[in-house]
Number of protein chains: 2
Amino acid sequence: MDRKLESLIGRLQEASSRADLQDAVCLLRDHYGVDHVVYHSVNQSEEPYAALTYGPDWVERYIEKDYARIDPVVQGCYQRFQPVDWKQLDWSSRAARSFLGEAISAGVGNQGLSVPIRGPNGQFAMFTVSARAGDDSWHRFTAGHLGDLLLIAHYMNQKALEFGNAPERVPGRQLSPREVDALSLLANGHSRGQASETLGISEHTLRVYIEAARLKLGAQNTTHAVALALSHGLIIL
Amino acid sequence: MDRKLESLIGRLQEASSRADLQDAVCLLRDHYGVDHVVYHSVNQSEEPYAALTYGPDWVERYIEKDYARIDPVVQGCYQRFQPVDWKQLDWSSRAARSFLGEAISAGVGNQGLSVPIRGPNGQFAMFTVSARAGDDSWHRFTAGHLGDLLLIAHYMNQKALEFGNAPERVPGRQLSPREVDALSLLANGHSRGQASETLGISEHTLRVYIEAARLKLGAQNTTHAVALALSHGLIIL
DNA sequence: ACGGCCCTCGCCATTTCTGGGGAGGGAATT
DNA sequence: AATTCCCTCCCCAGAAATGGCGAGGGCCGT
C-alpha cells in the first residue's frame, strides 16, 4: 500500500509534460477505485489548467454555464484550508441543488472529497476525487487515504506549476519597506491622508511610495497595485 | 517508521491547545534528531503565532531587528510552493550573510528545510526543521523525510488555524455575481470607466455594485473592498 | 568612489472616485 | 403572495487620487 503510494508519487515526480499529468489522474482513479480524479488549477493571468477524468460534455457545460460561480465545492475550497467532503457543504440553495442533480446525471459521483491547494502569487488549485458510494464506505475511504491524497495533491500541483509557464521566481525586485508600509495601509482601508499621518510622513512622500510600488508591480493604479501585492504575498492584510 | 509518523500526526490531531503544539515541535525535534523545529504562522489581522524550539534570545532578537524583512528563508518561502532547502537560497547580500552568521552563533543549525504553507484569507505559515550537519547527511535526511514533513506541516497548520480565533467560515452573505465581476475587474487594474465598458453597463451601475460590495464587506473604500475580497478568496486576480 | 536605490519634501492641473438623491423590472426565497 | 435582494439607469457636487516636474541626503554593493 505504502509502496504503491511511493510509486505513484514517483511517477508524478518523473512527469515531464501535461500529458503525463493526464495519465496520472487516470492511474490514480484506477488505483483508488474511484469514479473520477480531477486536478484543476487557477493561476493568475494564465489560462486555467485541468487534468481530469470527467467526460468532455460535462466539462464544456460547466464552463459554458460558469458553474464555478455557484458550485459549493469551489466556494468551499476557496474559504477553507482542510480538504472538503462534499457532504459537509451547503447545498440548500436552489441553484446548488439543480447543479448537483445535473452533475450526478453527468456521471460525477454523489460523493466527493476536494483538497484546496494554494501557491505563491495567488495560485489556487483543487484536487478532487469523486465516486458513487454510500456514506459509510465513502467515509472509510476518505479517512483511510487522506494523507495520501494530500501528498498527491501537493506533487500534482508542483508539477502543474512547473509545466505552466509560471516563473519559478517572481520577476522584478521586491518592494522597499516603506512601499510595503504604504500598500499595507491602503489595503487596510486607509486613505492616503490617513496613511501618511499614520506613518508620520507627508502625503506627497506616501504618494512617491505608492507610485514606485505601482511601477515595480506593473500596476495600472493603486487598487491594482494593492491587489497584485496581496496576491504576490508581498503584503498581508 | 511509518507507524511512528502516524502516531505523531495522531498526536497533532488530538492537540487541543497551543501548548500542545509547543509540545509537538519538541517531540518532532527529538524524533527526527534535528536541532530545531519551528512552526510560524502569519494570519491576517491577527497576532503572528509560532511554536518553536529556538531559545528566547534568538527569537527576541529576530523580532526586534525585524529580521523577517531580510531573512532569505522567509523571502524564499513567500515566493515558492515547494519546500526550500536553505542552501538553495541567495545568501550573497551583505545583510543576509551577517544575518546567517548571527543565526548560527545563536544555535540555529547551518542546514535547514522550510516548507511554505498557505491558507485561505492570505494566511501564510512556514514549517522548518534545522540542524547542524554536513551537506551529504542533510540531503539524505531531507530526501528521506520530505513527505513526512509535508504532512506534518499541513496538520500543524490546520491545528494552528483552529486555535487562532480565525473564523472557519467567513461572516456575512457573499457577493452577488455582478459585484464579483466589478471587484474582479477593478482588482485587475481597470478603472471604473473601463470596467463598466467591459461589462457593457453604465458606469453608474458599476458604482452601485462597488458600493454594495463595499458595504457588505465593511470596507472603507474601493481599494479596501478589493483587498478584503481578495484575501477572503471571493475574487481571484 | 561611483552609480543605484531608498527616504523625504513641495507645487499644479486634470482625472477619477465618492456620497447623496431617486426609480423601475425581475428573480428568488419565504 | 409578499418581501427581499439583484440588476439596471440617471444627475450633481465635493473629495480624493493621479501624473508630471524638481530636489536633497543617506545607505549599499561593485
Side-chain angles (χ1 to χ4, degrees), chain A residues 66 69-70 90-99 172-187 189-227 234, chain B residues 65-66 69-70 72 90-99 172-187 189-227 234:
Chain A
D66 203 7
R69 274 218 167 119
I70 57 162
D90 175 22
W91 297 93
S92 62
S93 86
R94 175 180 298 181
R97 288 207 155 280
S98 78
F99 163 74
R173 64 227 158 209
Q174 302 189 337
L175 301 180
S176 77
R178 278 314 216 186
E179 287 155 8
V180 172
D181 291 340
L183 290 188
S184 296
L185 288 171
L186 295 183
H190 292 62
S191 70
R192 295 207 305 206
Q194 295 172 308
S196 61
E197 200 178 342
T198 303
L199 293 177
I201 58 179
S202 77
E203 183 173 339
H204 176 83
T205 301
L206 187 82
R207 279 181 51 197
V208 174
Y209 299 146
I210 299 171
E211 191 63 9
R214 201 175 62 73
L215 290 176
K216 284 184 185 174
L217 295 166
Q220 300 294 323
N221 52 48
T222 302
T223 300
H224 193 196
V226 168
L234 300 173
Chain B
K65 290 280 189 175
D66 203 7
R69 276 213 164 123
I70 57 162
D90 175 20
W91 297 93
S92 61
S93 85
R94 177 182 299 181
R97 288 209 154 279
S98 78
F99 163 73
R173 59 207 171 230
Q174 300 191 338
L175 302 181
S176 79
R178 279 313 217 187
E179 287 155 8
V180 172
D181 290 339
L183 290 188
S184 295
L185 288 171
L186 294 182
H190 291 62
S191 70
R192 294 207 304 206
Q194 294 173 309
S196 60
E197 201 178 342
T198 303
L199 293 177
I201 57 178
S202 77
E203 183 173 339
H204 175 82
T205 302
L206 187 82
R207 276 182 52 194
V208 175
Y209 299 146
I210 299 171
E211 191 63 8
R214 200 174 62 73
L215 290 176
K216 284 185 186 174
L217 295 166
Q220 300 294 325
N221 53 46
T222 302
T223 299
H224 193 196
V226 168
L234 301 173

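Just so we're on the same page: letters track the sequence lines, and every chain starts at 1.
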Determine yes or no for a side-chain-to-main-chain donor-acceptor pair under 3.5 angstrom, with B/Arg214 supplying the side chain and B/Thr222 the backbone.
-> no
Whole-Å distance, A/Leu199 CG to C/dT8 C1', equals 13 Å
CA sep, side-chain torsions, deciding dist, call: B/Arg178, B/Leu199, side chain to side chain contact (heavy atoms under 4.5 Å, CB included) = CA-CA 9 Å; B/Arg178 279 313 217 187; B/Leu199 293 177; 3.8 Å; yes
Apply the side-chain contact (heavy atoms from CB on, under 4.5 Å) test between B/Leu234 and each candidate in B/Leu217, B/Val180, B/Leu183; give the one that qualifies.
-> B/Leu217
Nearest-angstrom distance from the residue atom CG of A/Leu175 to C1' of C/dC5 = 13 Å
Whole-Å distance between C/dC7 C1' and A/Leu206 CG?
-> 12 Å
Would you please confirm or rule out a distance under 4.0 Å between OP1 or OP2 of D/dC7 and any side-chain N or O of B/Arg178?
-> no
Are more than 12 heavy atoms from other residues, nucleotides or ligands located less than 6.0 Å from atom CZ of B/Arg97?
-> no
Does A/Arg94 put a side-chain nitrogen or oxygen below 4.0 Å from OP1 or OP2 of C/dA27?
-> no
Taking the nucleotide of DNA chain C with the closest heavy atom to each, which residue, A/Ser92 or B/Thr223, is nearer the 5' end?
-> B/Thr223
In whole angstroms, how far is the P atom of D/dC6 from the CG atom of B/Leu215?
-> 12 Å
Side-chain N or O of B/Ser93 less than 4.0 angstrom from OP1 or OP2 on D/dC28?
-> no
Answer yes or no: side-chain N or O of A/Arg207 and base N or O of D/dG20 forming a donor-acceptor pair under 3.5 Å.
-> yes
Is any side-chain heavy atom of A/Lys216 closer than 4.5 Å to a side-chain heavy atom of A/Leu175?
-> yes
How many Å lie between NE2 on B/His224 and P on D/dA17, as a whole number?
-> 14 Å
D/dT8 P sits how many Å from B/Glu211 CD, rounded?
-> 17 Å
The side chain of B/Thr222 lies closest to which of these nucleotides: C/dT8, C/dT29, C/dC17?
-> C/dC17
For A/Thr205, report the nucleic acid contact type (base, sugar-phosphate, nothing); a contact means any heavy atom under 4.0 Å.
-> base
How long is the line joining CG of B/Asp181 and P of D/dC6, in whole Å?
-> 14 Å
B/Ile201 side chain, from C-beta outward: closest of C/dG10, C/dT8, D/dC9 = D/dC9
So what does B/Glu179 touch, heavy atoms closer than 4.0 Å: a base, only the sugar-phosphate, or nothing?
-> nothing
From the candidates D/dG29, D/dT8, C/dG22, the one with an atom nearest any side-chain atom of B/His204 is C/dG22
What integer distance in Å separates A/Tyr209:OH from D/dG19:P?
-> 19 Å
A/Asn221 or A/Ser202, whichever maps to the more 5' nucleotide of DNA chain C | A/Ser202
Among C/dC12, C/dC7, C/dC9, the one nearest any side-chain atom of A/Pro177 is C/dC7
Residues B/Asp181, A/Arg69; criterion side chain to side chain contact (heavy atoms under 4.5 Å, CB included); working and verdict = CA-CA 11 Å; B/Asp181 290 339; A/Arg69 274 218 167 119; 2.2 Å; yes
Go through C/dG19, D/dC7, D/dG19 for me and flag the one nearest to the A/Arg214 side chain.
-> D/dG19
